[in-house]
Amino acid sequence: LKIVELTAYHVRLPLRRVIRHASHARTETDNLIVRCVLEDKTAGYGEGVPREYVTGETIDSSIELLGRSDLPLQFEDCSDYCRAVNLAERLQLARVNGDERGCAGNAARCALELAIVDAYGRHFERSISSIVRLLTPALYEPRPRVRYSSAITSARGLKLRLAAIAFRMYRIAQVKVKVGIAGYDDAKRLRLIRRLLGKSIDIRVDANEAWKPEEVVAKIGELKPYQISAVEQPVPHAQAETLAEIRRQIDVPIMLDESLCSSRDAEEAVIRGTCDLFNLRLSKCGGFIPTVRLAQFARQYGIGCQLGCQVGESVVLSAAGRHFASSVAGLKYVEGSYDRHLMKETLGKEDLTFGKGGWAPALPGPGLGVHVDAEALKRVTIREVPLLG
Ligand SMILES: [Mg+2]
């Protein structure tokens with residue numbers, strides 16, 4: 001069974017409100033959707049969220065990269081799901097100049113890979129969760145439901161109080177707070193947030209590269225009284241090596257996000273000793289399979305993992321994240337499925353928004369186990385580019 005058609009869509013999805021953190025603000029998101037059709041007309045969808053400040057990709061560069069990659073040559077007849085997964089793992093996009101970290105095509109690769117494993121998954125009636133068992137049985141730990149954490153980005157004043165009250169009423173267990181935003185007093189804010197959320201909620205912070213290496217120890221010291229359980233990407237990626245020394249001076253776990261986009265990044269982090277945790281995000285890391293491999297690598301070296309998400313994921317990446325979170329063992333935090341809370345359009349026929357407590361059920365499949373609404377996709381498509389067929 002072969003792939004006979006492949007199409008890339010540039011879609012623009014509106015958000016419900018402005019989302020702001022230390023390095024960016026947005027009201028809409030430009031995503032890449034890939035549709036893959038097999039010989040028997042089974043169709044699958046994939047998604048990538050290119051972010052220039054994460055992997056250097058833009059929506060245009062990712063579509064262009066797919067267009068100049070030798071994809072048909074890599075597509076072969078697949079007689080079972082195992083072969084399809086092997087094909088998906090071997091997928092290689094064309095080289096991008098100056099891509100020393102091996103991440104410059106990750107959002108594009110993610111969209112392509114998910115579309116392929118979704119299409120074959122539907123045909124062979126296998127869920128993409130089964131990929132975890134196929135690749136790394138030791139990491140496979142299926143669970144009936146997933147608990148998501150929530151986030152406080154730039155809310156302040158009454159909005160911040162209302163968000164905190166909503167989280168308590170909703171019985172959210174973990175909250176991530178964005179810090180390092182210009183004009184905000186983080187310590188004062190964390191004190192208020194801790195008071196509003198109460199003692200039992202797990203609070204962690206994400207600085208999105210905002211701090212200078214020489215100020216990190218003091219910054220974390222100011223936030224420690226409010227029991228933060230981890231600090232995500234305190235310094236810019238270019239200065240990530242300074243985190244090895246910083247870790248010797250603090251006892252709050254450090255998580256890499258912008259500095260963790262590829263297997264090379266992961267090896268670098270282990271060799272230099274720059275972190276305690278990886279933030280794994282499917283689009284950033286090149287798809288479901290490379291992210292499973294990163295989780296496997298992390299476990300081997302005693303590094304904890306968070307499954308993160310990108311702001312603006314549609315139902316496609318939400319579903320892929322759900323499969324990952326409900327089948328990969330040992331995730332310390334899980335983010336995603338904000339769907340209705342965040343998006344005006346999720347492209348899905350199903351609603352994956354997490355419910356009370358942040359809980360959401362595992363998805364059965366086949367494939368991603370959700371259906372893309374073709375009408376909705378048409379409405380938000382800016383550009384459609386045939387890649388094959
Ligand atoms: Mg982050």
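One-based numbering, in listed order, for ligands and for the atoms of each. In what follows, every heavy atom counts, from backbone to side chain, and hydrogens, waters and symmetry copies are set aside.
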Taking atom CD of Gln310 and atom CD of Glu313, what is their separation to the nearest 0.5 Å? 6.0 Å
Will you find, in the side chains of Asp60 and Thr58, an N or O donor that is under 3.5 Å from an N or O acceptor? no
Name all residues meeting the side-chain hydrogen bond (donor to acceptor under 3.5 Å, both in side chains) criterion together with Ser79; count only those two or more places apart in sequence or in a different chain, and write none if there are none. Arg83
Both conditions, 6.0 Å and 45 degrees, for the charged tip of Arg189 above the ring of Tyr184: are they met here? no
Trace of the salt bridge (charged side-chain N to carboxylate O under 4.0 Å, His left out) decision for Glu350 with Arg322: CA-CA 13 Å; Glu350 293 85 358; Arg322 183 76 55 83; over 6 Å; no
With a cut-off of 2.8 Å, how many protein N, O or S atoms neighbour the Mg ion (ligand 1)? 3
ring-ring contact (aromatic ring centres under 6.0 Å, His included) for Phe288 and His323? Distances and angles first, verdict last. CA-CA 9 Å; Phe288 196 88; His323 282 283; 7.3 Å; no
